[in-house]
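Quick note on labels: first sequence line is chain A, next is B, and so on, each numbered from 1. Computed from a predicted model, the values in this text were never measured in an experiment.
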Amino acid sequence: MTAIARATRAMLFAALLGIASLLQMQAAFAHASLIGVEPVDGSVIAAAPASFSLSFSEPTSPLSLKLIGPGGAATALDRYALRDATLDIVAPGGLANGTYVLSWRVVSEDGHPVGGSSVFSIGAPSANAPPSEAELVDWPVRIAIWLARLGTYVGLFLGVGGAFFLHWIGGRSRTATYFGTASLSLGLVAVPVSIGLQGLDALGASLSVLSDPIVWKTGFGTSLGSLASLAFAALLCGLLAFRLNGLGGRVISLIGLLLVGAALAASGHASAAHPQWLTRPAVFLHAVGIAFWACALIPLAVAFVSRSADAPMVLRRFSKVVPLAVLSLVAAGLLLGVIQLGSIDALWRTAYGVVFLVKLALLVPLFALAAVNRVWLTTPAEQGDARAVLRLRRSILAEIALVVAIFAVAGAWRFTPPPRALAMAAAAPASIHIHTEKAMADLTITPGRAGPVRASIVVMTGDFGPLDAKAVTLVLSNPSVGIEAIRRPATKPGDGTWHVDELTLPVSGRWTARIDILVSDFDLVKLEDTIDIRP
Amino acid sequence: MKKSILSAVALLALGTTAASAHITLETQEAQVPSTYKAVFRVGHGCEGKPTIKVRVQIPEGVIAVKPQPKTGWTIEKVKGKYEKSYDYYGTPTTEGVKEIVWSGGSLADDEYDEFVLRAYLTGDLKVDTTLYFPVVQECTDGAAERWIEIPAAGKVADDYETPAPGVKLVPKK
């Protein structure tokens, strides 16, 4: 008992701790805000600075500090000192002229991470707008996320699925139990770790701060939190099922299998797609189908490798039910693929589509092997044909390798937004909220990318009261590329908002938006902030 | 040499243009308390259109306002209550002119004119600050220029596109 039980107990405790701290995080409401930055946002300075400084409203500790240069390369800023609520950062030497982005993410004492970036230029602004942080990839974090995902799949499909197989189909042996437990253990490590990694990814932080509790809180707060909780429960069910016999083991292993489906349906691109009444059950069916098929591989391989006497019987029972599982898994998979891809050419035009194609390419030999097993090898193997048994054994081992490869490929989907989401993101508006004591405004530019756009503005008084403005003017400029003010009076169609139609933003990047609100004949309020326009 | 004189002249000319596009006060400094003659200089219409109305808002602390009549223009005196009572040579004053409107005339974009009023700057006004008179200039076809921006702390009128004309307040000598 002991080693596994102890580990299980420790992990359960960690999961509970995570939930507890999440609740705590939601209770906190005040968090640190930036009150000053050196160099000032948007400034042009004559010479490279020796240091940067960020002043906050309360003491903070940094999670991630980066300087993104004119070429787009990011440098981690790891030499800093905290002085009360001010963070003094040593600037890297040899900074060339051009535009830089100082990107920061800190956590304040209330445990709330806040982030932002400040743009400044040395000498003169670069001709090209500086890249946004989103374009930068932290490869160690990414690879770790992928490995954790692979481990999760192995644990769920081979481990939990394996437990189900042993109870419902057969083939129970010490070796099969050993492999199943090993898969489950891998999953039990990978699932909690993936929460921390997800936190790193969400915060844009590097592996070095993985131990920071805020990283784990953040990771748990994402939709992965529910996936991880369900997956963890599924893995524990699997572990328990290996220790039980009879009806109890059957029930627990079935619950585990259903939890695998529920876990995968709780998070991820596919589950987020609409219509959800269709996509979530499809993901559930797909996952249960995979678990059912993949679950057979290890026990079958073990049964044939160890020349177990009841191997043919197990194979026969499995062969009877597997077509049903494969059918549901393929149907659900195709349905999800169609929804996610949206169009045929997305298959080769997008990273998501390429992953889809690679996965299909691996599925073809897998299905071929499965067909060969079923049509040509199953009956002779059942009858004790030694050559057929040998071939079947090899074929099952090859299937295991292919299945793991498919898990690995599917894990890459974590990093490729589906074409459906890309299209939605491209059409998504860019919006900012500007709040001053006298007045505030919500500016929404639709779509939030360069080209023809429409702007919608809602104005209110500084204390959220109605503001019956006489006139509203939108002034957009992009000084870094030399675009002077584009000035457009807004019209009021009568729904309480102000509109500017037929506006064209010639370039992407960080624009300065100013909203001039004429409150009365002699009272003009100007609100100004920056808004990021996508390419 | 000749070239540098030319560019100096050009610079001067440009500088003048920029200044005269605004509505400004002729006398840029006044003592408090004292009587001040405010001469609003209008050197431009709105986007090329002729000016047909000039509205001047009287800031708090400025009382006993008397506009100077102007041929071809009608004067309207909008009266109201002050925020507090001001002392006018021993007389407590709680209400008076809060806005002066010159209308009915027409001042072409390529012509210059002045609009004048006289007022008492009370001792409640702070010295070493600038007193701003927001002005709305209305033109034909509904066009308007609003010289109503009052600089925030630490800024000067030059930081704004349409600053209100201002007068620097100095202690009485």
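Rounding to the nearest 0.5 angstrom, the gap separating the CD1 atom in B/I150 from the CG atom in A/D523 is 8.0 Å. Taking NZ of A/K470 as the reference point, atom CZ of B/R146 lies at 6.5 Å (rounded to 0.5 Å).
Environment of NZ in A/K526: crowded, with over 12 heavy atoms of neighbouring residues, nucleotides or ligands closer than 6.0 Å. For B/K70, the NZ atom is densely surrounded, since the number of other residues' heavy atoms within 6.0 Å is greater than 12. Atom NZ of B/K155 is surrounded by 12 or fewer heavy atoms from other residues, nucleotides or ligands within 6.0 Å. In the displayed structure, B/K172 atom NZ is contacted under 6.0 Å by more than 12 heavy atoms of other residues, nucleotides or ligands.
The nearest pair of heavy atoms linking B/I148 to A/D521 is CD1-O, 3.6 Å. In plain terms, the two heavy atoms of A/F522 and B/Q57 that are nearest each other are CB-OE1, 3.4 Å.
Residues B/E149 and A/L524 have side chains in contact (heavy-atom distance under 4.5 Å, counting atoms from C-beta outward).
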